[in-house]
2 protein chains.
Amino acid sequence: MTQESEARKRRGSGRATIHDVARAAGVGSITVSRYFKQPAQVSAALSLRIAAAVKSLNYLPNLAAGGLASTHARIVGMVIPNISGPIFAHTIQSFSDVLSAHGYQLLLASSYFSVEQEEAAVRTFLGWSPAALVVTGQYHTRATVQLLNTANIPVVETWDYQPRRKYMQVGFSHYEVGQQAARYLLKKGYKRIAFAQNSVAGDESAIDRRDGYADIMREAGLEPWFFLPTAATPFDAGKQAMETLAMRKRHAAEAIIFANDNLAASAILAGQRAGIRMPEQCAIVGFGDYAMSSMLLPSLTTIRPPAKEIGEIAAMRILESLGEIPASKNVQRLNLLQCELLERESA
Amino acid sequence: MTQESEARKRRGSGRATIHDVARAAGVGSITVSRYFKQPAQVSAALSLRIAAAVKSLNYLPNLAAGGLASTHARIVGMVIPNISGPIFAHTIQSFSDVLSAHGYQLLLASSYFSVEQEEAAVRTFLGWSPAALVVTGQYHTRATVQLLNTANIPVVETWDYQPRRKYMQVGFSHYEVGQQAARYLLKKGYKRIAFAQNSVAGDESAIDRRDGYADIMREAGLEPWFFLPTAATPFDAGKQAMETLAMRKRHAAEAIIFANDNLAASAILAGQRAGIRMPEQCAIVGFGDYAMSSMLLPSLTTIRPPAKEIGEIAAMRILESLGEIPASKNVQRLNLLQCELLERESA
DNA sequence: TTGTATGCGTTATCAG
DNA sequence: CTGATAACGCATACAA
């Protein structure tokens, strides 16, 4: 009875607050706050009493209140094209792991390659007063840029790298990846090299890769050859590319660079079924190094993006900006990552 | 000068607040709050003025403050074994999509199949006063259960289903999946059927599947045959299982059920290299239906878990509990999902 | 090292 | 339909 009769507050979660702990420990509430944030500044005697009170009351700090009071919550928002895609998940995973090791939480949203959805996500995230924000790529709406600029917090663009951008960038040059693939095939002696694009609208990075390919072709005195599938799903699009480019009677493609491994994989399956010898009759190069790529027959030659590294390094840069860890030198160079061309059987 | 000379607050983000909007619109701040939360309760005239003020001030609601005042933030925490895994990502994606359509944000953490890491994540999440919490599976630490119980918010366990659990469950019975695989192979006439486990510690669900398999074997008067790989990576473990079980001289396995498709895939590759005819010499069944499974040679017969559906339905149940959408009937039955056995070439 | 007063931006309560 | 006031739980500024 008596313990229940304590005048209950009109609102509130009913959970113990920092004041309850302070009262139980016989200290000021600010000391409890320090006990969590700057333990070194609290004497051993008080620390002990506070620890006991915390335990007996099952105290859990209210992070929202803390964030409100300190104007920035220990939260970082991340907008990624899609969570369940074969590659971005690794970035999310490593990013989240590094952050949570330092007491920051990940707030996640997906844009499905739509800059408008990205804008909506950024807008919502800012409502949480996040400590930092991560977006994918360098293509955003005007309003997103405006929001990012006025937010006055660290912003990182991942999965791309362009010189002289305003925000921190952690990624690689898609343009150079396109060049890399084209050079590789040219060196192998292929001439009739096509580039099969993605039917997903909004994947601007794939366009950059295509342009890198095109420029290398022109340098070599060859005409770039673009194929834009009309099929909706990657599976159908890859098949369509294979049928259109490699199975034509005259002037068939000797090699095809695909916008990603999904397309390339379905092309290999289609080719296999049609009895096309790969790479002799048609060489295939992908992008992404998805899990299945090494298991195909022929195994897929592809370019591996540093997905996990991107997440890790982005998190580190943010923690540096936030003063959580000492700053690295030569950040500029560290942020520009390299992709690896994995030479397998298909090219 | 004059516009800058407005006495600046000592603290704060510098962003416009609800009071700024109220002043600009000539209304009380609570009316602005209502304008966002219950637009129907605000007259058209005031709504117009508020809308203008919001726009001109670039007002963005501070969600942390709102969450603090209303004791529950529009946030839902989700703990998942791993984000970058081949199947959970789909659950995350669909869960996040449904939630964000209703103005809830996803706070994500991974446990790596460790109940201790799960506990830590739950603890942190609770600090945000989330509207609801989602965990994976039914195995938790005592402290986690305690936290979940006292949190007094909707809790959903995903990726599993056991009768008479305390929390809402959205998933399927791993035990029945194990039974399903065993029955399928027995029906095909296989007798010497082994189960290759996962070397990842903490994957309790895989144990449930194994037990389902074992019981069906016993029912059929056959001895269950467990193989526990020592190899660390799934790739090596699958290969090891194949070599140990199917390539032995005498009494080799006629069929192997693998704890997941990663193991099964590497087994198929190893078998292929060793010239083992599948399924004639050894049939293979996986679990998960990962992206590469249909691309293998032979394509992998596997059991597809309803990953996307789990995320969707979990989100719906939460939104129902929160009163955001009308409640469904027969929730009990709806939450028990079925896995589909995909009959392909390997078994 | 510790404590007091006050503000963070919003919503619940209650009154018009 | 609208508004004044007081929480929400914590951290900053400043003082002791």
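In what follows, chains carry the letters A, B, and so on, assigned in the order in which the sequence lines appear, proteins first and then strands, with residues in each chain numbered from 1. The figures here come from the full heavy-atom set of this structure, side chains too, leaving out hydrogens, waters and symmetry mates.
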Mind calculating the distance between [atom1] ([X]) and [atom2] ([N]) to the nearest angstrom?
X        : N       : atom1 : atom2 : answer
His19(A) : dC8(D)  : NE2   : P     : 10 Å
Arg23(A) : dC10(D) : CZ    : P     : 12 Å
Leu68(A) : dA7(D)  : CG    : C1'   : 13 Å
Arg15(B) : dC8(C)  : CZ    : P     : 14 Å

For this session: Please identify each residue that fulfils side chain to side chain contact (heavy atoms under 4.5 Å, CB included) with Ala109(B), with sequence neighbours left out.
Result: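 Side chain to side chain contact (heavy atoms under 4.5 Å, CB included) check on Ala109(B) returns Ala121(B), Phe125(B).
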Any donor-acceptor pair under 3.5 Å from [X] side chain to [Y] backbone:
X         : Y         : result
Asp160(A) : Gly171(A) : no
Gln169(B) : Gln162(B) : yes
Thr136(B) : Val79(B)  : yes

Exercise. Tell me, which pairs form a salt bridge (Lys or Arg N to Asp or Glu O under 4.0 Å) where one or both residues lie in residues 93-119 of chain A, sequence neighbours left out?
Worked result: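 Checked against salt bridge (Lys or Arg N to Asp or Glu O under 4.0 Å) - neighbours excluded - the pairs reaching residues 93-119 of chain A are Glu119(A)-Arg123(A).
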Problem set entry | All pairs passing salt bridge (Lys or Arg N to Asp or Glu O under 4.0 Å) where residues 140-157 of chain B contributes a residue, at least two apart |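 Sorted pair list: Glu157(B)-Arg165(B).
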Exercise. When you measure from every atom of DNA chain D, which of residues 56-66 of chain A have a heavy atom less than 4.0 Å away?
Worked result: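 Result for residues 56-66 of chain A: Tyr59(A), Pro61(A), Asn62(A), Ala65(A), Gly66(A), sorted by number.
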For this session: Could you identify which residues of residues 27-51 of chain A place a heavy atom less than 4.0 Å from some atom of DNA chain C, listed by residue number, or say none?
Result: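 Close to the strand are Val27(A), Gly28(A), Ile30(A), Thr31(A), Arg34(A), Gln41(A), Val42(A), Ser43(A), Leu46(A).
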Exercise. Would you call Asn58(B) and Thr150(A) a side-chain contact if the rule is heavy atoms closer than 4.5 Å?
Worked result: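 Asn58(B) does not reach Thr150(A) side chain to side chain.
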Problem set entry | Ring geometry between His140(A) and Tyr167(A) (parallel below 30°, tilted from 30 to 60°, perpendicular above 60°) |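 Perpendicular.
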Problem set entry | Criterion side chain to side chain contact (heavy atoms under 4.5 Å, CB included) on Tyr59(A) and Asp20(A), from CA distance to verdict | CA-CA 9 Å; Tyr59(A) 170 69; Asp20(A) 299 326; over 6 Å; no
Exercise. Using the C1' atoms of the five pairs at each end, what is the angle between the end axes of the helix from dT1(C)-dA16(D) to dG16(C)-dC1(D), to 10°?
Worked result: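 Rounded value for the end-axis angle: 20°.
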For this session: Drop me the distance from Leu133(A)'s CG to Ile153(A)'s CD1, to the nearest 0.5 angstrom.
Result: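 Output value for this atom pair is 4.5 Å.
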